[in-house]
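To start, the structure under review is shown below, and the notes come after it.
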Amino acid sequence: RAYVGTWSPILKKMFLEKKSESKQEIVLKTSSKHSARMYDNMFRFMYFDFISVESSDFLPMLALACKYQIEALIAECSKMAPELIKLKQALILVEQVHKNFAPEMQPLVDKCNEMICHEFDRVYKKGSWFRLSKEALLGILQRDDVCAEEHEVFEAVKKWCSHSEDRMALLDTMLEHVRFPTMDPK
């Protein structure tokens, strides 16, 4: 318990600081998001400094690392991200990080934004495009490496804004990031 507590302030509190729990067997409840396999991987990382995660397990593993504030595991997941993360996951991850920002996640967000920008013409046509927050969308639109014709960026902004009345009020703000002079007047 003491060793595991050194990895995470949350686990330290659970295992060492709560008097009633410290003498009992600690049971970590799993959910569909955090399966027993994820906990097994998390503890394996703590004891052996090794982790092996499949692409489909990447986001749940990262979520578990964030839940328990295991910075070394978050960093390791960030390193593995370029090989494991899929485009849909990148959109989800960018949105989640904007909601629950952690500075150690910034390199991962940058990689995800880079992936989104390189696949922009595909990304804005997906349903997950509508789930992006204003902040996440601005983070993408403000980049210089968006690989799309400017009319596609314009269409993407219109599409996102037309999703709700609240967003329509943001249309002017979003359109500031469309480079109209580079668009073909047709």
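Residue numbers count from 1 along this sequence. Basis for what follows: all heavy atoms, side chains included, without hydrogens, waters or symmetry-related copies.
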Inset, instruction - Check the hydrophobic clustering (I, L, V, M, F, W, Y; side-chain heavy atoms under 4.5 Å; chains of links allowed) and say if Met183 and Val146 are grouped together. - result: yes
Can you give each donor-acceptor pair under 3.5 Å made by side-chain atoms of residues 115-124, sequence neighbours left out, with the distance rounded to 0.1 Å?
from: Glu119; atom 1: OE1; to: Arg122; atom 2: NH1; distance (Å): 2.8

Inset, instruction - Answer yes if Val53 and Phe43 sit in the same cluster of Ile, Leu, Val, Met, Phe, Trp and Tyr residues linked by side chain heavy atoms under 4.5 Å apart, and no otherwise. - result: yes
Legend entry - Spatial distance of atom CD1 (Ile140) from atom CG (Asp145) [nearest 0.5 Å]: 10.5 Å
Legend entry - Under 3.5 Å: donor-acceptor pair, side chain of Trp160, backbone of Leu132: yes
Inset, instruction - Rounded to the nearest 0.5 Å, what's the gap from CE on Met80 to CG on Leu62? Could you check? - result: 9.5 Å
Legend entry - By salt bridge (Lys or Arg N to Asp or Glu O under 4.0 Å) - contacts of Asp166 (at least two apart): none
Inset, instruction - Might you confirm whether atom CD of Gln142 has over 12 heavy atoms from other residues, nucleotides or ligands at distances under 6.0 Å? - result: yes
Inset, instruction - Say whether, by atom type as modelled, one donor and one acceptor occur between the side chain of Glu95 and the main chain of Ser133 under 3.5 angstrom. - result: yes
Legend entry - Straight-line distance of Met38 CE to Lys67 NZ, nearest 0.5 Å: 13.5 Å
Inset, instruction - Compare every heavy atom of Val94 with every heavy atom of Ala136, then report the nearest pair and how far apart it is. - result: CB-CG1, 3.8 Å
Legend entry - Residues which pass salt bridge (Lys or Arg N to Asp or Glu O under 4.0 Å) with Asp144, listed by chain and number, not counting sequence neighbours: Arg179
Inset, instruction - Give the cluster check for Tyr39 versus Tyr47: same hydrophobic cluster or not, with ILVMFWY residues linked at side-chain heavy-atom distances below 4.5 Å. - result: yes
Inset, instruction - Decide yes or no on side chain to side chain contact (heavy atoms under 4.5 Å, CB included) for Val153 and Leu141, but give the supporting numbers first. - result: CA-CA 8 Å; Val153 176; Leu141 295 176; 3.8 Å; yes
Legend entry - side chain to side chain donor-acceptor pair (under 3.5 Å) involving Lys158 - partner list, sequence neighbours excluded: Glu155
Inset, instruction - Taking all non-hydrogen atoms of both residues into account, name the closest pair between His177 and Glu150 and its distance. - result: O-OE2, 4.1 Å
Legend entry - Residues in side chain to side chain donor-acceptor pair (under 3.5 Å) contact with Asn41, at least two apart in sequence or another chain: Arg44
Legend entry - Minimum-distance pair of heavy atoms, taken over all atoms of Arg143 and Asp110: NH1-O, 3.9 Å
Inset, instruction - Ignoring hydrogens and angles, tell me if any N or O in the side chain of Arg131 forms a donor-acceptor pair with the backbone of Leu91 under 3.5 Å. - result: no
Inset, instruction - Take Leu171 and Val157 through the side chain to side chain contact (heavy atoms under 4.5 Å, CB included) test and state the conclusion after the steps. - result: CA-CA 8 Å; Leu171 184 60; Val157 168; 4.2 Å; yes
Inset, instruction - In sequence, state the C-alpha distance, the side-chain angles, and the governing distance for Leu137 and Leu170, and then conclude on side chain to side chain contact (heavy atoms under 4.5 Å, CB included). - result: CA-CA 11 Å; Leu137 180 58; Leu170 300 170; over 6 Å; no
Inset, instruction - Using the side chain to side chain contact (heavy atoms under 4.5 Å, CB included) rule, take Met61 and Leu73 through it: C-alpha gap first, then chi angles, then the decisive distance, then the call. - result: CA-CA 9 Å; Met61 188 74 253; Leu73 184 53; 3.7 Å; yes
Inset, instruction - List the atom of Ala72, the atom of Trp7, and the distance in Å for their closest heavy-atom pair. - result: CB-CZ3, 3.6 Å
Inset, instruction - Find the distance between CE (Met46) and CD1 (Ile70) and round it off to the nearest 0.5 Å. - result: 3.0 Å
Legend entry - Smallest separation among heavy atoms of Met174 and Cys161, with atom names: CG-SG, 4.1 Å
Inset, instruction - Scan residues 134-159 for pairs that pass ring pair (Phe, Tyr, Trp, His ring centres under 6.0 Å), counting only residues two or more places apart or in two chains. - result: Phe154-Phe180
